[in-house]
Amino acid sequence: MPAHTELAGLLTLPDFERAAETVLSADIRAYVAGGAGTQETVRANTAAFDEVWLRPRVLTTAGTTPDTRTGVLGQQLSLPVLLAPTSPQRLLHEHAEIATALAAEDAGTISVVSTDSHYPYPEIAESAPGGSWFQLYAYRSLDDVDATVALAEKAGASALVVTVDASHAARRVSTLRSGFRTPPFVDFGTLRALGILEGDIPANARLDRLALTWEDLRRIRERTTLPLLVKGVLGPEDARRCFDLGAQGVIVSNHGGRQLDGEIPSLVALDQVASAVGDRGVVLVDGGIRSGVHVVKALALGADAVCLGRPYLWALALAGRAGVRAVLELLRREIEDTLLQLGVESVADIGRDLVVPAGHRL
């Protein structure tokens, strides 16, 4: 595990990926990095950012330290970056989601904790009481969904994120080729706390999930007072319907390219969804974000904040809590530099005029 001085030498998010490759086994690297099929969407998620150009404002009064703070669903964040739900984090570090939640709290932002967490969600929430969100997968029955929501509420989750794009197992060729199997040191504490998982863990680290419907989403909305976001939305009509059913936000996401190969890149979908949604609620985005410049481009195209995935997992593998914190601080510095060069005083001042989409897709 690198010392903090070695972390300081990692100057970009891809630096963290390359460093993590030296400490992770080939099968775990494949599991974390891999996507569905030929991984076209994994590559396209990042490539889409290269098709958007920035256009600075000149002769402005922007100071030397731009303000990166923002608010999301009433929670004040020190930067517009949340940590996306990922699992199983125990593959990468013994402290898993607890380290991630603590790092998010250190940095003044939010960790979104997966139903598939290694540690039980109540334990994670207690360790970092700053206010995590809970991401819901639907397992076994709607009664179990109700019990899962109740567990999240009781533990103190400040929002509920319902993932709707991963009901069916995906064909992840790179993971299959690597021979990945769930190691014996990985568990699923939240599922065990709910009684959904008993006995041995499946070799592919996945239980069968329910395929939720719009009526099921309405049911979940009626059974919780928590702010509700729907994750996995890529179409304007679907986004509008989520808000019609009472959602407070959507997360524009293609699951990091892990479900459907050839799926629309998240950034391309963001531009369309944000235009359709307007000011009805929160719009977040994940997928392919590898720099502070990417964060600013996403905000200019209508996101209120972004959710970071794989990059913080690389950092978690390198140095646990300190590694994840280092990635967030690096992004903060990159966002500050981008705003400074754009002539913008704060995240709140980012507008569509700062970007020039290239090509026909945007």
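This chain uses plain numbering: 1 for the first residue, then up along the sequence.
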Apply side chain to side chain donor-acceptor pair (under 3.5 Å) to Asp165 and Asn254, showing your working.
CA-CA 7 Å; Asp165 65 347; Asn254 56 32; over 6 Å; no
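- Rounding to the nearest 0.5 Å gives a distance of 4.5 Å between CZ of Arg290 and OG1 of Thr46.
- The closest side-chain heavy-atom distance from Leu340 to Glu336 is not below 4.5 Å.
- Checked by atom type and distance alone, the side chain of Gln259 never pairs as donor or acceptor with a backbone atom of Ala36 at under 3.5 Å.
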Please assess Leu330 against Glu334 for the test side-chain contact (heavy atoms from CB on, under 4.5 Å), listing each intermediate value before the final yes or no.
CA-CA 6 Å; Leu330 171 59; Glu334 290 185 338; 3.9 Å; yes
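- The minimum heavy-atom distance between Ser174 and Ala30, with the atom names listed, is O-CB, 3.8 Å.
- Cluster annotation: Leu313 is connected to Ile124 through the hydrophobic network of ILVMFWY side chains, with a link wherever side-chain heavy atoms come within less than 4.5 Å.
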Does the side-chain contact (heavy atoms from CB on, under 4.5 Å) test come out yes or no for Val252 and Val283, once each step is laid out?
CA-CA 7 Å; Val252 179; Val283 177; 4.1 Å; yes
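- A donor-acceptor pair is defined here as one N or O able to donate and one able to accept, closer than 3.5 Å; such a pair exists between the side chain of His93 and the backbone of His95.
- Within a 6.0 Å sphere centred on CZ of Arg57, other residues, nucleotides and ligands contribute more than 12 heavy atoms.
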Which is it for Leu194 and Leu151 under the side-chain contact (heavy atoms from CB on, under 4.5 Å) test, yes or no, and what are the steps along the way?
CA-CA 8 Å; Leu194 290 162; Leu151 178 144; 3.8 Å; yes
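- Although no hydrogens or angles enter the test, the distance criterion places no donor-acceptor pair under 3.5 Å between the side chain of Asp146 and the main chain of Asp143.
- When atom types are taken as modelled, the side chain of Arg69 and the backbone of Pro80 share no donor-acceptor pair closer than 3.5 angstrom.
- Glu105 places a side-chain N or O within 3.5 Å of a backbone atom of Gly130 that can act as its donor or acceptor partner.
- To the nearest 0.5 Å, atoms CG (Asn45) and CD (Gln39) are separated by 11.5 Å.
- From Arg223, atom CZ reaches atom CG of Leu142 across 8.0 Å, with rounding to the nearest 0.5 Å.
- In this structure, Asp67 and Glu345 have side chains that are not in contact, with every pair of non-hydrogen atoms separated by 4.5 Å or more.
- Grouping the Ile, Leu, Val, Met, Phe, Trp and Tyr side chains by contacts below 4.5 angstrom, directly or via other members, places Val32 apart from Val42.
- In this structure a side-chain-to-backbone donor-acceptor pair under 3.5 Å is present from Ser141 to Asp144.
- Note on Asp106 versus Arg321: salt bridge recorded, some NZ/NE/NH1/NH2 to OD/OE distance being below 4.0 Å.
- When hydrophobic clusters are built by joining Ile, Leu, Val, Met, Phe, Trp and Tyr residues whose side-chain heavy atoms come closer than 4.5 Å, directly or via intermediates, Leu234 is not grouped with Leu284.
- Ion pair Arg209/Asp116 flagged as a salt bridge, since at least one NZ, NE, NH1 or NH2 atom sits closer than 4.0 Å to an Asp/Glu carboxylate oxygen.
- When every heavy atom of Ser111 is checked against every heavy atom of Ala104, the shortest pair comes out as N-CB, 3.7 Å.
- Taking CD1 of Ile220 as the reference point, atom CG of Leu160 lies at 7.0 Å (rounded to 0.5 Å).
- Here the straight-line distance linking atom CG of Leu299 with atom CG of Leu354 works out to 10.0 Å at 0.5 Å rounding.
- In this structure a side-chain-to-backbone donor-acceptor pair under 3.5 Å is present from Ser178 to Phe180.
- For the pair Arg280 and Phe243, the cation-pi test (distance below 6.0 Å, angle within 45°) is failed.
- Just one of Val113, Ile251, Leu226 meets the side-chain contact (heavy atoms from CB on, under 4.5 Å) condition when paired with Val161; it is Ile251.
- Contact check for Ile98 versus Glu123: side-chain heavy atoms found under the 4.5 Å cut-off.
- Expressed to the nearest 0.5 Å, how far CH2 of Trp53 lies from CG of Asp50 amounts to 7.5 Å.
- Of the residues Leu228, Asp304, Val282, the one that meets the side-chain contact (heavy atoms from CB on, under 4.5 Å) test with Leu73 is Val282.
- Looking at Leu331, Leu82, Thr86 one by one, the single match for side-chain contact (heavy atoms from CB on, under 4.5 Å) with Leu308 turns out to be Leu331.
- Of the possible donor and acceptor atoms, none in the side chain of Glu198 sits under 3.5 Å from a partner among the backbone N and O of Ile196.
- Salt bridge absent: Arg140 and Asp208 never bring a charged side-chain N and a carboxylate O closer than 4.0 Å.
- By the 4.0 Å N-to-carboxylate-O rule, Arg352 lies close enough to Asp271 to be salt-bridged with it.
- With a 6.0 Å radius and a threshold of 12 heavy atoms from other residues, nucleotides or ligands, Arg192 has its CZ atom above the threshold.
- Side-chain atoms of Trp214 and Asp238, non-hydrogen and from C-beta on, do get closer than 4.5 Å to each other.
- The cationic group of Arg258 lies under 6.0 Å from the six-membered ring centre of Tyr31 and within 45° of the ring axis, placing it in a cation-pi geometry.
- Using a 4.5 Å cut-off on side-chain heavy atoms (C-beta onward), Arg221 and Leu245 make no contact.
- Val72 approaches Ala305 most closely through the heavy-atom pair CG2-CB, 4.2 Å.
- Contact check on Glu21 versus Arg18 returns no salt bridge, with no Lys/Arg side-chain nitrogen under 4.0 Å from an Asp/Glu carboxylate oxygen.
- Between the side chain of His118 and the main chain of Ala96, no donor-acceptor pair closer than 3.5 Å is present.
- Taking both residues in full, the closest heavy atoms of Ala276 and Pro236 are given as CB-CB, 3.5 Å, listed atom of the first, atom of the second, then distance.
- Of all heavy-atom pairs spanning Tyr121 and Ser132, the tightest one is OH-OG, 2.7 Å.
- A salt bridge links Glu329 with Arg332: at least one charged nitrogen is closer than 4.0 Å to a carboxylate oxygen.
- Salt-bridge check for Asp286 with Lys231: passed, with a basic side-chain N closer than 4.0 Å to an acidic carboxylate O.
- Note: the hydrophobic cluster containing Leu339 also contains Val52 (ILVMFWY, side chain heavy atoms under 4.5 Å, direct or indirect links).
- Nearest approach of Ala8 to Leu11, heavy atoms of both residues: O-CD2, 3.7 Å.
- Contact check for Arg55 versus Asp353: no side-chain heavy atoms found under the 4.5 Å cut-off.
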Take Gln89 and Ser117 through the test side chain to side chain donor-acceptor pair (under 3.5 Å) and record every step on the way to the result.
CA-CA 7 Å; Gln89 292 185 24; Ser117 60; over 6 Å; no
Test Leu328 against Leu83 for side-chain contact (heavy atoms from CB on, under 4.5 Å), laying out the working first.
CA-CA 9 Å; Leu328 288 169; Leu83 299 182; 3.9 Å; yes
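- Here the side chains of Leu342 and Leu54 are in contact, with some heavy-atom distance below 4.5 Å.
- The closest side-chain heavy-atom distance from Val162 to Tyr137 is not below 4.5 Å.
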